[in-house]
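The block underneath contains the structure these notes are about, expressed in structure tokens.
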There are 2 protein chains.
Amino acid sequence: MGRVTIGDVARRARVSPAAVSAAFNDPAQLSKTTVSRILATALRLGYAPNPHARALLSRRVGVLGVLFPQAVSTVFANPFFSAFLEGVGEITDERAVGLLTVSPAHGSLARAIAAAPVDGFVIVGLDEAHDEVAPLRRRGVPFVIVDGDSEVASSVNVDDEAGAYQAARFLLGQGHGDVLVLGFHMPPADLHQPRGVAGRRLAGYRRAFAEANVPLAEDSVVRTPVSLNGGDEALEKVLSRGRRPSALLAVSDIMALGAMRAARRNGLRVPEDLAVIGFDDIPLATASHPTLSTVHQPIREKGRVATRLLLRELDDSGPREQIVLPTELVLRETTSTGKAPLRREKGGSYRGRRTLTRAAAG
Amino acid sequence: MGRVTIGDVARRARVSPAAVSAAFNDPAQLSKTTVSRILATALRLGYAPNPHARALLSRRVGVLGVLFPQAVSTVFANPFFSAFLEGVGEITDERAVGLLTVSPAHGSLARAIAAAPVDGFVIVGLDEAHDEVAPLRRRGVPFVIVDGDSEVASSVNVDDEAGAYQAARFLLGQGHGDVLVLGFHMPPADLHQPRGVAGRRLAGYRRAFAEANVPLAEDSVVRTPVSLNGGDEALEKVLSRGRRPSALLAVSDIMALGAMRAARRNGLRVPEDLAVIGFDDIPLATASHPTLSTVHQPIREKGRVATRLLLRELDDSGPREQIVLPTELVLRETTSTGKAPLRREKGGSYRGRRTLTRAAAG
DNA sequence: TCTCTCTCCTGAACCGTTTCAGGAGGCCAA
DNA sequence: TTGGCCTCCTGAAACGGTTCAGGAGAGAGA
């Protein structure tokens, strides 16, 4: 026995399938008694409209896809993404739409994209021009780019360069000579690409070093996965080679926290022996001990803004926007040496959520 | 101009739609030249089969739903769920299926369930008999229960009671007289229900107190949301009333970490002034300082097992199972007073992943 | 009584695929 | 030349809803 369909309900309620459909979607066009008879019958039979059939005709499933270029398991291991999804979730909850995480299926992002039953995508960490993203435009699937470049599509970024610059400048201003930089581990092909989050953050650090006339040696930049263990192992390796940096810049908080674990294990006190500045300001940055100095970016806000832009595009209401949110250096305990007073420095330029930077024709 | 459909490709390649379908799904039944002509045409037009249409007929969409009784934004704020989803993601990645988080839509879980374009559900924190869950069985939608009771469906639980018991017993054995318990905040209706994770953990604590002949006063059990702030505020409030517990049992690590933040702010040293034991053993438990003693449960494994059980059910391969995974008290720095040696105690009984506890007919 | 209007409902087309029986044509053996 | 068997392809019927033009019947007004 198959699932109960609209036809079953119609038969039992002695009406046409069209009437059943109407009872659910536009009860006004039916008499009250008929509607209640139909609904009662539907309830009794346990009928629920088939989402696929409904989507086929209406071209709406009520699901938003969040696209990551990494495996799902990697995504959820990263508190940054959790916080981002938290922001996305605030809006999808509000609008009662579903949230589908889309990741490469057996290595193929294209396949995963094609198979995803969604109305549109929030794309994280890929540029609009990326090979997997471009086909979406041709197919007319709406999307919003987060942490990536875009010309036509709406996008949300933060001012990574400025934030990184502030962080490095602060440490150099404290007189640190040997600063270790923990960068994103990435495929060799992308290593020297200046664009993207990784490139922008490193560029910010480099600008500060250049300005301070401090050389940043190639072996002072260690690339490592974005995880506790990534940061832990990276610092462990450096220490095991006998090097004793006095400060550490990490392109992500979770790396920084991992490195602090390694520091502690090796008898280094933070911040006395090793000053640390992370990036992102994940919720944990205030829960760690010592609390983590970091470059704040509005992660949840980013998720909210991106999702609102996508929904707006789905509704054809409002223009596309390229938005850049601000970053801000937040000094906490991992940089307080007693000498330097706690302070906050504005990093990025806030062009504002409502600021239309470049609008594109639909 | 609408999206490009199978008909467009067929026309341009001078074949029938059926041939295009075959080219994608069963190329063997077509000649090589025809297949390559069709695929080339499809590529040129940017054709991708419509997931809804495909799902309608094949009754498979390639998406698994993970159902939470809480808002999406709440879910992602909780590292426990992140770790669980990490486990789920390992399997869905492997099998190239999508992952849809399903949460109450405008307060109605039933509506969210009905609208979700998925092949089956992993249901977290709800019993099989729950009003929103029961209809799924009638509709023939496969599901697996996690952290909830089930008679017929497959389920995955951990031995909460035993883990909680071990934790409380350890603290009482250390001679702590004033132990504060941080429990789950929940709707009043569920408050005294003995079942469910919350009930089982509290029951474990209570058993240890009873055994040690130490009374557990009603105002020693504070119910608070599962979050850093929840734990922080709960302890803050207790301290502000002038009470100075010497030990703290939290039903979740994230609460425990929040409480430690409050303790530090109030000048209490952990573990010297306040011993702390959490629950779950989230990844952060080893990254906090001091590192968190806690009741370990295999969170990722739980996600993996549940997902495998669901996929197995979708494939009609293998029986249903009710699985209980073990818990284990893990002592780290938040309980080490110097007097007590570090040690590990087995908590739950491991009935094993492959152990068939109760099998139910399909 | 006839016509008009309004309410309530139905029939049929359609959304974009997949599936499957079967047709067209070529080739080979008898 | 006929029959049979392949290979390669097509036509049409699903899948389970929604939509929309229009029909039936009741009531009102002339």
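We name chains A, B, ... by the order of the sequence lines, and we start the count at 1 in each one. No hydrogens, no waters, no symmetry mates; every other heavy atom, side chains included, goes into these values.
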Considering only NZ, NE, NH1 and NH2 on the basic side and carboxylate oxygens on the acidic side, decide whether D315(B) and R312(B) come within less than 4.0 Å. no
Residue met sooner reading DNA chain D from 5', once K32(B) and L57(B) are mapped to nucleotides: K32(B)
Only one of R95(A), K302(A), R300(A) clears salt bridge (Lys or Arg N to Asp or Glu O under 4.0 Å) with E90(A); which? R300(A)
Check whether any side-chain nitrogen or oxygen of S58(B) sits under 4.0 Å from OP1 or OP2 of dT17(C), and answer yes or no. no
Minimum heavy-atom separation for A116(B) to P51(A), with atom names? O-CG, 3.7 Å
Test of ring centre spacing under 6.0 Å for F76(A) and F81(A): no
Should S31(A) be listed as having a side-chain N or O under 4.0 Å from OP1 or OP2 of dT7(C)? no
Can you measure I6(B) atom CD1 to dT19(C) atom P for me and round it to whole angstrom units? 11 Å
Have a look at A48(B) and say if it touches a base, only the backbone sugar-phosphate, or nothing, with a 4.0 Å heavy-atom cut-off. sugar-phosphate
For a quick check of understanding: with a heavy-atom distance under 4.0 Å over all strands, which category does L30(A) fall into, base, sugar-phosphate or nothing? sugar-phosphate
How long is the line joining CG of L56(A) and C1' of dC15(D), in whole Å? 9 Å
Using atom CZ of R11(B) as one end and atom P of dG11(D) as the other, report the distance to the nearest whole Å. 13 Å
Proximity to the side chain of T5(B) - top-ranked nucleotide from dC8(D), dT17(C), dC9(C): dT17(C)
Could you pick out which residue, R59(B) or A19(B), lies toward the 5' side of DNA chain D when each is mapped onto its nearest nucleotide? A19(B)
Please tell me if R54(A) has a side-chain N or O lying less than 4.0 Å from either OP1 or OP2 of dT18(D). yes
OP1 or OP2 of dG17(D) versus the side-chain N and O atoms of N50(A): is any pair under 4.0 Å? no
Over how many whole Å does the gap from R14(A) atom CZ to dC8(C) atom C1' extend? 18 Å
Specify the separation, in whole Å, of atom CG of D26(A) and atom P of dC20(D). 11 Å
Indicate the atoms forming the closest heavy-atom contact of R37(B) with V15(B), along with that distance. NH1-CG1, 4.1 Å
Please give, in whole Å, the distance from dC20(D) P to Q29(A) CD? 10 Å
Think Y47(A) has a side-chain N or O under 4.0 angstrom from the OP1 or OP2 of dG17(D)? yes
For L45(A) and dG17(D), what is the distance between atoms CG and P respectively, to the nearest whole Å? 12 Å
Indicate, with a heavy-atom threshold strictly under 4.0 Å, whether V20(A) touches base, sugar-phosphate, or nothing. nothing
Figure out the CZ/C1' separation between R60(B) and dG16(D), and round it to whole Å. 19 Å
Where the side chain of A18(B) is defined as all heavy atoms beyond and including C-beta, which of dT19(C), dT18(D), dC15(C) is the nearest nucleotide? dT19(C)
